[in-house]
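Values reported hereafter were calculated over all heavy atoms of this structure, with side chains retained and with hydrogens, waters and symmetry mates removed. Chain letters run A, B, ... following the sequence lines, proteins first and then strands; every chain starts at 1.
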There are 2 protein chains.
Amino acid sequence: MTVWDRPEPPARPVPLDRERIVAAAIALADEGGLEAVSLRKVAARLNAGPMRLYGYISTKEELFDLMVDEVQAEILPEEQPGDWREALRVLAHRTRQAALRHEWLADLLGGRPTLGPNGLAVTEAELAALDGLADIDTAIRAVETVSAYFTGAIRREIANLRAERATGLSKRDWQRAHGPHVTRMLATGRFPALAKAVHDGTDVDAETSFATGLDWVLDAVAAKLTPPPA
Amino acid sequence: MTVWDRPEPPARPVPLDRERIVAAAIALADEGGLEAVSLRKVAARLNAGPMRLYGYISTKEELFDLMVDEVQAEILPEEQPGDWREALRVLAHRTRQAALRHEWLADLLGGRPTLGPNGLAVTEAELAALDGLADIDTAIRAVETVSAYFTGAIRREIANLRAERATGLSKRDWQRAHGPHVTRMLATGRFPALAKAVHDGTDVDAETSFATGLDWVLDAVAAKLTPPPA
DNA sequence: TCTCATGTTGATACACTGTATTTCCCCACT
DNA sequence: AGTGGGGAAATACAGTGTATCAACATGAGA
């Protein structure tokens with residue numbers, strides 16, 4: 001046995017902390033989706049045994065919460081724009097961009113209350129944008145409505161994106177590519193409005209579709225903020 | 001050995017079909033949540049070995065899709081109301097009610113495109129409600145916006161409901177009950193708007209909160225349908 | 001009626017999972 | 001030098017989705 005084939009020393013354990021664990025989990029999820037995140041694999045990335053993680057997190061669900069909160073830090077813009085509308089729009093778009101960077105976020109978004117520091121900061125930013133422009137109850141309703149919209153919209157967008165990817169990237173001919181199933185369904189004549197929609201609808205890219213719906217919702221909010229002059 | 005203690009004959013296998021499988025899975029999920037649905041347990045409910053299911057479904061994901069589609073049948077109202085607005089509102093509320101009956105639906109809602117017969121029927125109903133009132137592109141945008149809203153709102157509502165249930169049913173004192181964590185966070189003064197919201201906000205029940213936001217979104221849709229007279 | 005093919009059913013197997021419990025080893029302190 | 005004690009690792013367990021394989025009941029053909 002020479003120095004060269006002498007086995008590696010047992011890899012002195014790297015000091016661990018939540019940040020490193022969460023970062024490893026996020027990396028794993030970015031590469032292979034949420035289902036690729038297992039405590040064993042996260043630990044392996046950190047040259048640690050699986051059980052070591054339990055000194056820092058108490059359950060896998062908690063790890064997911066931490067991952068979400070970590071990504072929510074990317075959502076906060078460096079500086080808040082003045083206009084409430086612009087502020088809310090930017091927050092929505094940045095959430096969407098975060099979800100496009102980390103598709104697994106779509107699986108977690110809205111799945112549980114966001115009580116981490118960054119999640120609270122996002123909510124704070126949303127509420128702050130409306131500060132002084134409406135009573136607190138209206139502001140809450142507005143924030144909840146807007147975020148319900150973009151949460152749902154983002155989830156659908158990612159879901160469609162995955163479906164397209166799975167059926168071999170098809171864009172316009174969604175119905176043909178997804179296989180004969182939907183086409184056959186539409187051909188039954190039981191869904192005339194839907195058939196017309198997929199046939200005659202002009203397909204717009206996901207971003208403008210997101211933006212348009214968002215603008216509608218913001219219009220609705222605007223109407224509640226400044227009551228129409230009597 | 002008498003007739004009485006003679007062992008049961010090996011339980012002639014009950015004929016199976018997708019409907020029975022899906023029904024068993026839904027029952028399991030209603031009782032113990034989505035995570036209680038395992039192919040083994042579903043099969044056990046039907047006096048079958050786990051592998052038998054693979055003659056009818058090809059993967060667990062597919063079973064989930066079938067469950068969602070089955071529940072979506074509950075969403076379609078027996079008769080469509082005349083007014084487009086009422087029609088969309090009813091569909092949204094019925095979706096919410098379905099999610100309250102089957103909380104696991106919140107975990108699946110929006111997670112993948114709803115391409116089953118009932119899912120298509122729901123979309124058809126939504127589109128049909130707007131038939132003739134707008135060009136097809138506007139109708140699509142409207143339907144997508146409304147359903148993005150209520151998808152997101154339902155998910156959040158269920159998430160909060162579960163969180164409340166977990167921390168020992170707390171209603172108003174959300175911040176105290178959830179534990180010192182959030183309280184401490186709010187006390188830091190880093191979230192003034194949020195602090196004011198939880199402190200001064202009047203808490204309304206989930207249903208009216210859902211309905212209010214929905215009305216706002218429907219207002220927005222209405223504004224796009226009938227362009228303001230020039 | 002006997003035989004054989006066929007196709008459905010159940011058993012077994014595998015590679016994982018999250019997590020509880022047990023073992024072990026290294027380091028600081030007496 | 002001995003001896004705790006504490007943190008890391010190994011092991012263990014009950015479960016998961018699904019592939020593979022063996023058995024068997026049932027139909028057709030002779």
For the pair made of CZ in A/R52 and C1' in D/dG6, what is the distance, rounded to whole Å?
-> 13 Å
Of all residues at least two apart in sequence or in a different chain, which pass the salt bridge (Lys or Arg N to Asp or Glu O under 4.0 Å) check with B/E19?
-> none
Expressed in angstrom and rounded to an integer, what is the separation of A/L53 atom CG from D/dG7 atom C1'?
-> 14 Å
Test: A/R96 cationic atom under 6.0 Å from A/F210 six-membered ring centre, within 45° of axis | yes
Round to the nearest Å and state the distance from A/M51 atom CE to D/dG7 atom P.
-> 17 Å
Any residue meeting side-chain hydrogen bond (donor to acceptor under 3.5 Å, both in side chains) with B/T208, in chain and number order, not counting sequence neighbours = B/D205
Quick one: closest heavy-atom pair of B/M185 and A/P117, and the distance?
-> CE-CB, 3.8 Å
Quick one: is B/Y54 getting a side-chain N or O under 4.0 Å of the D/dT18 phosphate, OP1 or OP2?
-> yes
Applying salt bridge (Lys or Arg N to Asp or Glu O under 4.0 Å) to A/K41 and not counting sequence neighbours gives none
List in numerical order all residues of residues 26-42 of chain A for which some heavy atom is under 4.0 Å away from an atom belonging to DNA chain D.
-> A/R40
Using a heavy-atom distance cut-off of less than 4.0 Å, which residues of residues 57-70 of chain A contact DNA chain C?
-> A/T59, A/K60
Is there a donor-acceptor pair under 3.5 Å between the side chain of A/K196 and the backbone N or O of A/F191?
-> no
Could you pull out all residues at least two apart from A/D69 that satisfy salt bridge (Lys or Arg N to Asp or Glu O under 4.0 Å)?
-> none
When you measure from the side chain of B/R45 to the backbone N and O of B/A24, does any donor-acceptor pair fall under 3.5 Å?
-> no
